[in-house]
Amino acid sequence: MIVAARGPSILTPLIAESLQHAFTTFDDAVEGLAEVVEDAVDTYGRALAMCSIGADFDLLVAGWSEARDCGEVYYLSSIDRPGVPAWTVSKCGPVVISPNDDAMTARLQRHGAALDLNRRDPLDVALLIMDEQRKVKGLQGGDEEVHGVGAFCQVTTVTRDGISSRILRRWADPVGVPLQPVPATHDEDGAALLPWYGEIDAAAPAPSHARPMISREQRRRMEQAKRRAS
C-alpha cells in the first residue's frame, strides 16, 4: 500500500506505521482507515500541532484490492473539502489533480494534443501537469499564498504483483527557501525547451541571504517530537 500526505512532515511515517500494525491487507485498511488515522492523530496530536503549518492534512492511500482485483486510491482529510466531509473516506479516480485552479485548467487545455494519452507516454503527460502545478500558488497552512510543488517529481506504480517507485525529474529548488519556480516553455508538441530549470539534477545551495522557513527553535522541537514518536 502507498501512503501519501499533505500537511505536517512527520504525519506520513506515523500514519504508515499505524496502518502497518493495524491491517494485513489493503482491503482491510480501506475499511478501517478513518478510525486508525483518527486514533493516530489523537496519539501524536502534540507533535503534529508543533508543525509550522498546523496539524491539518490531506491523506491518500493506494493499493491493489484483492477483493476487486484492481488498483484503487482513497482520500481522507482532517478538514471539510468540497463534496467530502472531514474524516470521510472517499474513493478517487480515475484522475485526481491537486493543487489545481482555473488558470491551471486553462493552461492545460492549451496543451491540447500534448495531454492526449493515446499519443504520449502517460509519464510525459504527468510531467507536463506537474510543470503547470509549479506555477500554482495557494495557502499551505499559513496566511500567505505560496508555491507548494517543488524538489522532485516521483512516480509510484501499483500492480497486482507489487509496487515500484522512481524519480522522474528533480528541480534545483534550494532547501529552506520559499519556492520560486521558473516557468518552462514548450514547443507545439509539448516538449520542454531549454533553458529548463528541471535539467539540473542536484539541489542548488541556498543563497546566503535566504531566510529559513522555520526557526532553529522550531526545528529543535520538531526533532524532539520525532524522537519521542519513534
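Any value given below was found using the heavy atoms of this structure, including those in side chains, with hydrogens, waters and symmetry copies removed.
For the residue pair D161 and W64, no side-chain donor N or O sits within less than 3.5 Å of a side-chain acceptor on the partner. There is a side-chain donor-acceptor pair under 3.5 Å between T25 and D28. A donor and an acceptor atom, one from each side chain of R166 and T156, are nowhere located under 3.5 Å apart.
Side-chain heavy atoms closer than 4.5 Å link hydrophobic residues (I, L, V, M, F, W, Y) into clusters, and following such links, even through other members, never connects V61 to V73. Hydrophobic clustering of Ile, Leu, Val, Met, Phe, Trp and Tyr side chains at less than 4.5 Å, counting indirect connections, unites M104 with V125. Both V36 and V41 belong to a single network of hydrophobic side chains, linked directly or stepwise wherever heavy atoms of I, L, V, M, F, W or Y lie under 4.5 Å apart. Cluster membership check: M1 shares its hydrophobic cluster with L33, using side-chain heavy-atom separations under 4.5 Å among Ile, Leu, Val, Met, Phe, Trp and Tyr. Criterion: ILVMFWY side-chain heavy atoms under 4.5 Å apart, direct or through other members. Under it, V158 and L60 are not part of a common hydrophobic cluster.
Residues S165 and Q154 form a side-chain contact, since some pair of their non-hydrogen atoms from C-beta on lies under 4.5 Å apart. Looking at F26 and E72, their side chains come closer than 4.5 Å, going by heavy atoms from C-beta outward.
Atoms CZ and CD1, from R134 and I129 in turn, are 15.5 Å apart once rounded to the nearest 0.5 Å. Distance CG/L76 to OG/S90: 8.0 Å, rounded to 0.5 Å. Atom CG of L11 is separated from atom CG of D56 by 10.5 Å, given to the nearest 0.5 angstrom. Atoms NE2 and CZ, on H111 and R120 in that order, are 9.5 Å from each other to the nearest 0.5 Å. Between R110 atom CZ and T105 atom OG1 the span is 10.5 Å, to the nearest 0.5 Å. Considering CD1 of I97 and CE of M130, their distance stands at 12.0 Å, rounded to 0.5 Å.
Taking both residues in full, the closest heavy atoms of L179 and G148 are given as CD1-C, 3.8 Å, listed atom of the first, atom of the second, then distance. When all heavy atoms are compared, the tightest approach of S98 to R6 is OG-NH1, 2.9 Å. The minimum heavy-atom distance linking C51 with P8 is given by the pair SG-CA, 3.6 Å. Considering every non-hydrogen atom in both L59 and A5, the closest pair reads CD1-CB, 4.0 Å. Counting all heavy atoms, side chain and backbone alike, A151 lies closest to D173 at N-OD2, 2.7 Å. Among all heavy-atom pairs drawn from D27 and A67, the shortest one is OD2-N, 3.0 Å.
Around CD of E66, the count of heavy atoms belonging to other residues, nucleotides or ligands within 6.0 Å does not exceed 12. Around CG of D102, the count of heavy atoms belonging to other residues, nucleotides or ligands within 6.0 Å does not exceed 12.
Contact check on D101 versus K137 returns no salt bridge, with no Lys/Arg side-chain nitrogen under 4.0 Å from an Asp/Glu carboxylate oxygen. A salt bridge is absent between D131 and R169: the closest approach of a Lys/Arg side-chain nitrogen to an acidic carboxylate oxygen does not fall below 4.0 angstrom.
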- Item | Stepwise side chain to side chain contact (heavy atoms under 4.5 Å, CB included) check, S77 with W87 | CA-CA 6 Å; S77 180; W87 301 105; over 6 Å; no

- Message: Apply side chain to side chain contact (heavy atoms under 4.5 Å, CB included) to residues R107 and V136 and explain how you reach the verdict.
- Response: CA-CA 11 Å; R107 293 196 302 271; V136 175; 4.0 Å; yes

- Query: side chain to side chain contact (heavy atoms under 4.5 Å, CB included) between T157 and T159: does it pass, once the steps are laid out?
  - Reply: CA-CA 7 Å; T157 305; T159 68; 4.2 Å; yes

- Item | Working for side chain to side chain contact (heavy atoms under 4.5 Å, CB included), residues K91 and Y75 | CA-CA 6 Å; K91 189 175 182 180; Y75 172 79; over 6 Å; no

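Side-chain atoms of T88 never come within 3.5 Å of backbone atoms of V84 as a donor-acceptor pair (strictly under, hydrogens ignored).
Among the candidates I79, L48, V37, the single residue satisfying the side-chain contact (heavy atoms from CB on, under 4.5 Å) test with F57 is V37.
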